[in-house]
Amino acid sequence: MVATRQPATRRRRSEEMVDTAGIPPETLLEIYETMCLSKAMDDRVWVLAHSGEIALAVSCHGHEALQVASIYALRRGYDWMVPYYRDSAAALAMGLTPRDMMLAFFARREDSFSGARQFPNHFSSRTLNILSGSSDIATQIPHGVGIALASKMRKEDRVTITYFGDGATSEGDFHEAMNFAAVLKIPVIFLCENNEYAISVPRRKQMAIDDISNKAVGYGMPGVSVDGRDVFAVYRAVQEAAARARRGEGPTLVVANTYRIDPHTSNDPDRFYRDPKEITEQRKHDPVLRFSAFLNQHGFLTEEQDAAIAARVAAQVDEATDYARSAPQPVPEDAALYLYGN
Amino acid sequence: MVATRQPATRRRRSEEMVDTAGIPPETLLEIYETMCLSKAMDDRVWVLAHSGEIALAVSCHGHEALQVASIYALRRGYDWMVPYYRDSAAALAMGLTPRDMMLAFFARREDSFSGARQFPNHFSSRTLNILSGSSDIATQIPHGVGIALASKMRKEDRVTITYFGDGATSEGDFHEAMNFAAVLKIPVIFLCENNEYAISVPRRKQMAIDDISNKAVGYGMPGVSVDGRDVFAVYRAVQEAAARARRGEGPTLVVANTYRIDPHTSNDPDRFYRDPKEITEQRKHDPVLRFSAFLNQHGFLTEEQDAAIAARVAAQVDEATDYARSAPQPVPEDAALYLYGN
Amino acid sequence: MPQKLVIEAINDALREEMRRDETVFCIGQDIGAGGGVFLVTQGLQNEFGPDRVIDSPLAESAIIGVSIGAAANGMRPVAEMQFFDYILPAMEQIANEAAKMRWRSFNTWGVPMVMRAPTGGGVTGGIYHSQSLEAMFTNIPGLKVVLPATPYDAKGLLKAAIRDPDPVLYLEHKKTYRSIRGEVPDGDYVVPIGKAEVKRTGNNLTIVTWGLMVHYALDAAAQLEQEGISIEVVDLRTLLPVDNETILESVKKTGKALVVYEANRTGGFGGEIASTIAEFAFEHLDGPVTRLASPDIPAMPWNHPQEAFFMLSPEKIAAAARKLAAY
Amino acid sequence: MPQKLVIEAINDALREEMRRDETVFCIGQDIGAGGGVFLVTQGLQNEFGPDRVIDSPLAESAIIGVSIGAAANGMRPVAEMQFFDYILPAMEQIANEAAKMRWRSFNTWGVPMVMRAPTGGGVTGGIYHSQSLEAMFTNIPGLKVVLPATPYDAKGLLKAAIRDPDPVLYLEHKKTYRSIRGEVPDGDYVVPIGKAEVKRTGNNLTIVTWGLMVHYALDAAAQLEQEGISIEVVDLRTLLPVDNETILESVKKTGKALVVYEANRTGGFGGEIASTIAEFAFEHLDGPVTRLASPDIPAMPWNHPQEAFFMLSPEKIAAAARKLAAY
Ligand SMILES: Cc1ncc(C[n+]2csc(CCOP(=O)(O)OP(=O)(O)O)c2C)c(N)n1
Ligand SMILES: Cc1ncc(C[n+]2csc(CCOP(=O)(O)OP(=O)(O)O)c2C)c(N)n1
Ligand SMILES: [Mg+2]
Ligand SMILES: [Mg+2]
């Protein structure tokens, strides 16, 4: 994916000079690989949806940088994530595997998120601290506050990050959760993924402001807007928000601005409401390409490394697809399981 | 109610010099009289509640200036009002009478708001453009937006004012309505009556900001905070908001800061949650006394006038009380009326 | 007579009503350029402009709350909830405001508005795009609830709902949108709210049902006819206020009643119907009033095998009817 | 055994559970210094501090939504809705989130939380402080709904609810708070969720009811005893999951069933009970399963004459039972 390659001799020097927000080189490559993996997964699920092998594609093209960087800014395995359906790259960064994802897309019995009860991309993992979400917009935001409240009550220094889109900010639940967290100084990070659309509704029909971080003002919490296609900008913002939260100073709203390159889902005929030229234009700012170019330019990523990553990613996606494709269907009667606990 | 009286000779001059926000002297007296009436009504309903003659007192002590001034800043009989239960002074300013109010307090058949179906102070009048409200906090805010949307669709230049408390700002409906109005540039005024409490919950447990008008920022609408015990400050702010709305520039949030002098209702044992000293302190800023002093100081109100007003007000309250007291009870079976229209 | 799909009948009704009465307007998420996620409102924004086909922010409570205000001030809003599942944030506005406005104001104010929402399952909608939540709304006097099964009823009931002086929850079964075609006369007509219809006459047993299940019941009835069992199918069409008269008349004739509904069994609206029959047709009953509904699990699973497990079908209905008929 | 009021029993249960288990905490509007508008939580903030008795902002959806998150992360929140009428803004969180969390995550997550809400009328609460909205919650599998009538059950069921692994809607009839006194043993005990109780045995007719109506039914039964009519009173206690076994056993014995509930008649939870009886006790019925409920008007009027018109009473219940007994 790297366009222009740098000679190996220039690499070392560059590495010393460039500010990578304190992210060590190995981690930069890990972040990059996760972004590539997400992109490859997205590409695959669209193919599978178009061929009819799966019933629904949901993807996060354009969100890779912000999602992966925001997770890497936290203590993975320790902090909490409350995602929505758009967060597949973030979920991979947390530790979910392509197989986990594909089992959900294929609606297989083994789907660890929901036993194929839910739509795909409705992530859930107790071991990874990823709370199960619904399809309802914005309902997860108070859940994130509640998880963080519990951490705070137990005096743990864990933080919770909760994700939502630009459209979700219009819902009452966004507002109630933001206010609640600010009043009680809850260690939560509100990460708004502004991709300019809520299905067909453009941002200017969703709100009368341009900078979504202004929404923090009315709650008395810090708000910051960053380029959501810039790994470092997002990383820094989330790192700072996490530090604040751990210091007991309460929540932060981080707005990561990007663009939804794919249609909302494979059920969404986006030609009705947006100009294909707009998409073409936005593809130029693909965060994966941009990060790749950066890594190469500054000597963090060689052509060989990139090729190896591409190969690993492709193999993983293939393996996951094949595995899920041939995995068994759910048993009809199992739908009755787990109405109540005991 | 006037403390120190000014000699008559000084009156004329003062009248010319003082800035009364363009309110003519007769109107100043009308505003004052309405405020006195509200205060006298409030005093009476507490007496009636304590004696057990009525089941519930709800009052607006401390809100008189902001409520009456905000209505006088509009075109009464033309513009719309969407109140909540705290808005008795505003409702009187709109043209409801003490009798209307008392019939509701006594739960009499003739109650024009609801036929005594609702609690008192749940105003309603089609001729006066006062929409019926529920007891639910914040639900009226989107109603105000809808009324104004209809005016806008018909290209009328009417504005709608919708009232709510500081506590109401925490509800999702506040948020959704504010955002909606800003996006669609609806000719509505959001008037927040900040009285520092939502029943027992003090403002600092309700929100993490001190100036509620900051809440406008996230919606992209102007927000202004004014001294809610200052008739002129409120009048100017609402007048400006109304002008904006009529110019098609959309909504404004006006926050009028005051203090709830009485308990929430006569069912509320406020000694559990606030220090009586706080109330004593706040009584010093009684907006009715303050306005009275101003009017007298600047020669708008003579002692005789004030006495006449007091007498008229007392007579009205007496008359309304007597009338309602002896008005007939509702007929049990009439509860079944008006399930649906036709 | 022209044949139309349910979705076309609804689109026609909206278009004709908006042409007829300029106080009628549509409001909802994605209903404009997008035409709604099911394309029910396709073409309307083109014809009537963005001020009468309003793309609202993503806020159900505001959509309903704003519509209430507009309705009180002389307009006739038709609000779309993108899925019935997502009407829940607006519950307070619907139950405590819209439904109570007239009564609480002693007839001073009315709220002539329609809330459209796609209900039901069987379209791989999974948990949150398949729920049949009508029982949450049928204990709310002041509200009207309709659920047409055919294109004819869909058009006529939507027109009636738009012209009604009170708030009407107009449910559209999303599976019928493009799977049910039927005769729809050109031009204006209304199907009255509050009237059930016998969609098929029979003597041995009455099936009372609504929505998609009307078609499944008719299929089941056709199967059972081969077996010599004659089924009457009553399509409620309106759930609130419910037409007990038509139901009771039918059951008094057949002596047996099977109430079929797609929602979860316990606490579903079928309980209302069955208990009305049990109370007021008691002396005519030749067998227990029987309910057939979806199992009491939280929702419709997304995967196909379990979706089929959850959903009723003509076969499941036929089996239940056969058993009751043999009682 | 000590005699306690319902409100004392609830306060005791909260206090004892908070002492027993430090993951239990309370959250709601005005519950702290104010002790709640009914004073149910009085003294708790004093004992446990403002971090475990949290005065929340005025936001029902957040109260429930935040509680869900806290419950998923190891806590046991007890959320207070100031009035049952004001639970509606939280409907989406309750129905689509709390009730579905366990099932949708294939048992990975659970939401052990209690939602307390004062229900019912008869206390001059008027339209918006008197509603009996249980039917909005009884078609939601995954949720549990309880409504104790006595101090004993109030304490035991609240303890059971707090210890339950799933979300429990715990309804408190506000008129019982200070009007119903009864024996409550000192110390710890639990009343199991999902178990109805025969509160009075009888042979001629079964009254199935819940909440305040249990007491009215007992009063009616006492009256009717003088007339030689022997009434059995089944107190549901838990509405979801409902104890059909106890209901059916009683009706099979008496042969007649009167279902009494305070909510609006149409679409109320009584329909579920009556239709279950009609279906599964059919052969034992000596008269129609009869429902007695409040009229289908939007709400409880505030004024006294109409409040009395709306509310059921021992006399109204006795009249209906007398009529059915004579069938
Ligand atoms: C309460 C609710 N209302 C409506 C929907 C339908 N819906 C699904 S996704 C969506 C748009 C969400 O947009 P945004 O929050 O910007 O997230 P994005 O998909 O752009 O990442 C809508 C309206 C829903 N799922 N939930
Ligand atoms: C949705 C809802 N939740 C809770 C209540 C109970 N309640 C009635 S008044 C009130 C406080 C309102 O405070 P505020 O908005 O500041 O208005 P104020 O009474 O101070 O004028 C509360 C919580 C309610 N009426 N509606
Ligand atoms: Mg978006
Ligand atoms: Mg207040």
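Below, each value reflects all heavy atoms present in this structure, side chains not excepted, and no hydrogens, waters or symmetry copies.
Between D:Lys256 and C:Glu279, no side-chain nitrogen of the basic residue sits less than 4.0 Å from a carboxylate oxygen of the acidic one, so the salt-bridge criterion is not met. Note on D:Glu272 versus C:Arg291: salt bridge recorded, some NZ/NE/NH1/NH2 to OD/OE distance being below 4.0 Å.
When heavy atoms are compared at a cutoff of 4.5 Å, D:Leu285 approaches chain C by way of both its backbone and its side chain. Looking at C:Ala299, both its backbone and its side chain come within 4.5 Å of chain D, counting heavy atoms on both sides. Using a 4.5 Å cut-off between heavy atoms, C:Ile277 does not touch chain D at all. With a 4.5 Å cut-off on non-hydrogen atoms, D:Ile140 touches chain C through its side chain but not through its backbone. For C:Gln131, the part lying near chain D is the side chain, with the backbone staying farther off; criterion is any non-hydrogen pair under 4.5 Å. Interface residue D:Phe280: only side-chain heavy atoms are found under 4.5 Å from chain C. Heavy atoms of D:Ala135 lying under 4.5 Å from chain C belong to its backbone as well as its side chain. Both the backbone and the side chain of C:Pro301 have a heavy atom closer than 4.5 Å to some heavy atom of chain D. Heavy atoms closer than 4.5 Å to chain D are found in both the backbone and the side chain of C:Thr276. Contacts of C:Ser132 with chain D are made by backbone atoms alone, with heavy-atom separations under 4.5 Å and no side-chain atom involved.
Between chain D and the residues C:Arg102, C:Gln93, C:Met91, C:Glu134, the most heavy-atom pairs under 4.5 angstrom are made by C:Met91.
Taking CD of C:Glu92 as the start and OG of D:Ser61 as the end, the distance is 10.5 Å to the nearest 0.5 Å.
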